[in-house]
Amino acid sequence: MSESGNVVEIAGVTKTFPQGNVTALENIDLTLRPGEFVSLIGPSGCGKSTLLRVIGDLIEPTRGTVTINGKTARQARADRDYGIVFQDAVLFEWRNVAKNIAVPLELLGWDRAKRKERVRQMLELVELSGFADHHPWQLSGGMQQRVAIARALAFEPALLLMDEPFGALDEMTRERLNLELLSIWAKLGSTVVFVTHSISEAVFLSTRVVVMSPRPGRIAGIVDVDLPAQRSVETREDPRYFELVTEVRELLRSRGEHLLPEEEAALRSSHE
Amino acid sequence: MSSAAAATLPTRRTFTAPLAAGTKRAAAVVCVLAALVGLYELYHWVWVSTGWTHPFVVDDTTMPHIWVILHALWQPAQVNQPALGTILFHKSLFTAKEAAVGFGLGAVIGFAIGVVLVHSRLLTRGFLPYIVASQTIPILAIAPMVVIWVNPKLPAGVQGWGSVAVIAAYLTFFPVAINTLRGLQSADPRALELMRTYAASRWTVLWKLRVPTSLPYVFAALKIAATASVVGAIIGELPSGLQDGLGGAILNFNQYYSIEPQELWATNIVAALLGIIFFVGVVAAEKAIVRRAPETVE
Amino acid sequence: MSGIVVTGISPGMGRRLGQQAREWLPALVVFALAIAAWEGAIAAFHIQQFLLPKPSDIVKSCWEQRHTLWPAGWYTFKEALGGFVIGSLAGMAAATLIGRFKTLGAALMPIAIAANAIPIIAFAPIFNQWFDPLSPNSKMAIAAVLCFLPVMVNTLRGLQSASPRQVELMRSYAASSFTIWRRVRVPTALPYVFTALKVASVLAMIGAVVGEYFGGSYDALGVLIRSKAQILDFTTAWAGILVASLLGIALYAAVVACERLVVRWAPEARDS
Ligand SMILES: Nc1ncnc2c1ncn2[C@@H]1O[C@H](COP(=O)(O)OP(=O)(O)O)[C@@H](O)[C@H]1O
Ligand SMILES: [Mg+2]
């Protein structure tokens, strides 16, 4: 960990894609402390995925720096400091569930016995113990996503990057997985960056919600979620929860008033 | 196969004019062709100058120079005859006729088989293994028998080349039948259910849903079949004793190879061009008919 | 389609056998009916023996002349097998090499596809000139060239169709490009490769027989079929064709068996 004790430090990050000259991110500053659960929310196309990829060193920022645990993002990736989960599970269809979870462990050079034991634990954690030998196509979307989460957690990264991991799931599965994710997070104590376009999901899960605005992607505001640390089904009925949801919605909308017509369209499409 | 990736990204091509892209691709093709010719000549030169004999002896007979081959096209093959290129042009028209008729016949039969099989699991189970097995029959071996058998039954106008067209059709029908079946089967089950809610007849489902979905598959097969029909026509000519086509020319020039190898080479190059022309013809038809032709369907 | 493969759940052995029998029963019935019709037609219409021999005669000849037919078949099969192995390996190697260089692959792909449209079999006489027509090498060479192009084109296509997300996931683990190649690109390419290998197995046998048509050893099946047809001994010629087909089917079946063993996850293996 760095001297400052921050897990992620994003300083002045700008990302311009040469194709079409899109400025996806402009001057982003953000700091994450250990154990935080931070959601990134914003209309589609506002650069959430781009920001996540910049943090993960999957693409390079045009300007600015990303520091993870006091190291460069490149070094952090080489040290396998983070695990990532995408919107679709991105499983390897030629591997069964157990072997999919074992992918990062193989790359880390764990021996067989150790891998097997860890995979067993992870399967238990995501409640898929009976499915170790199944292939991805034999699982439902929610189960596939749980495998992807188990894979990301398998090597206990201190940082977890999640890009709309439940975006493609139905509401009920999503709420259940939200609770599961929270209990896993409580158990492991890792830091999470969670991209979503659902306001309720963002507020329910996070300790902080970062609201982004589109074109160029900027941080419109940050909402501290001062709900009790222990979230449960009742949290969704807490009056404070509704206040926070409203606050985030206002932030999203207040930006909307100054939007260009095409940006409005983007914002509206994100609420579909 | 794997899930769609990065669907939101703008395509890279949008900013390059299609014309420029076409020119670029043509330039690349010309470069690679030139490189291949260069490699051929380089190989020739290295093997000749070092005297290597592996894997085979290289000299002007086994590997005639490209320019010698091209030059042969402008020369008469025999005294008082038109240039070899002219002769080969007429012969390739003859072979093209056989191949085209065989292609049409095979494609129609293959498509019909696919349509029949998709409607009956029982027939599929009964016949598919033999349709697959039929491809392992070395067609050249049965060609003489096909010629003897089919030829007398053909009307006078098509005798000779007609039986060769039948052989070409034999090589064509298989890929078309298999891919038509797969394409018709690939219709979205939900769309099939939707059609059922309309109480659509089998016929309507076939023409409104199954056939349009199958088109990319069918065209993938037709591309294979285009070459196969040319192969079938050339092969079919060999045992039939027909002298009017490229197959006959290959047999003929093969006998004079040690004297004038460039004539066989030139014939083969013309045969290669014919195969490519057939292929390009199908690709063009596909571009015109199927708007979003997926390249990946086998 | 013709499938027997049941992945994942394995039902009772007896039920599986019953299922298999039901799958294959229609094919057997068609076979029996076709043979009966063939025999019957020859008897009913007095078709001349030399045009279309009775299937029973063909099989009988297959047995009676087993000391010439099968060694000849084996001779040709070895040519085909040699060509198949050499051509396929070369195709895969070339695709691997070309796949490393994106622009080279992009430039070569249209050429390779066009070259695939060349009736290569027409080049058989040239191969007979290169190598001694009496040696098996000339047939092996033509079979190899026939196999090379489809295998190369499909392997290249397979290597290029790796999911960008899966590659990105591997990069998040700081996997080297070799690791990505081995663990993502190769498994993705395998179904494509096997599709091509099936095509190639058929082409190899045909290539060997056609190569022999332009001259070959008297030990070879193609030469035997041709000379028997020339002296109007069609029963033996057909017996030779039967041998060639059976050997061709054997090679094809071997490839299919390998495919089922290796590509267990592919859609064909799954829903057949
Ligand atoms: N690889 C890329 N090349 C060009 N433009 C891109 C690329 N990736 C993203 N973009 C553009 O950057 C902007 C932000 O994209 P993204 O980060 O995916 O948004 P979000 O995840 O918030 O929906 C969009 O306008 C998108 O079109
Ligand atoms: Mg996104």
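First the proteins, then the strands, lettered A, B, ... as listed; each starts at 1. Side chains included, hydrogens not; waters and symmetry mates left out as well; all remaining heavy atoms used. As the structure is a computational prediction, the values presented were derived from the model and not from experiment.
The contact between C:V210 and chain B is made by backbone and side chain atoms together, counting heavy-atom distances below 4.5 Å. Interface remark: B:V132 contributes side-chain atoms only to the contact with chain C (heavy atom separation under 4.5 Å). Of the atoms belonging to B:I250, it is side-chain heavy atoms, and not backbone ones, that fall under 4.5 Å from chain C. Heavy atoms of B:P261 lying under 4.5 Å from chain C are absent altogether. Proximity to chain B involves both the backbone and the side chain of C:I249, based on heavy atoms less than 4.5 angstrom apart. For B:I234, the part lying under 4.5 angstrom from a heavy atom of chain C is the side chain only. At a 4.5 Å heavy-atom cutoff, the contact between B:L33 and chain C is made by backbone and side-chain atoms alike. Neither the backbone nor the side chain of C:N137 comes within less than 4.5 Å of any heavy atom of chain B.
More than 12 non-hydrogen atoms from other residues, nucleotides or ligands lie less than 6.0 angstrom from OH of B:Y40.
The candidate with the highest count of non-hydrogen atom pairs below 4.5 Å against chain C, out of B:L36, B:V231, B:T62, B:V58, is B:T62.
Distance NZ/B:K223 to CG/C:N116: 11.5 Å, rounded to 0.5 Å. In this structure, C:I111 CD1 and B:I276 CD1 are separated by 8.5 Å, a value rounded to the nearest 0.5 Å.
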Can I get a per-line list of side-chain donor-acceptor pairs under 3.5 Å for residues 266-274 of chain B, giving both atom names and the distance, sequence neighbours left out?
unit_1	atom_1	unit_2	atom_2	d
B:T267	OG1	B:E263	O	2.6
B:N268	ND2	C:A122	O	3.4

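No side-chain heavy atom of C:P26 sits under 4.5 Å from any side-chain heavy atom of B:F127.
Under the 3.5 Å distance criterion, the side-chain polar atoms of B:Y130 are left unmatched by any main-chain donor or acceptor of C:V30.
Chain B is approached within less than 4.5 Å, heavy atom to heavy atom, by C:F123, C:P125, C:I126, C:Q129, C:W130, C:F131 from residues 123-133 of chain C, ordered by number.
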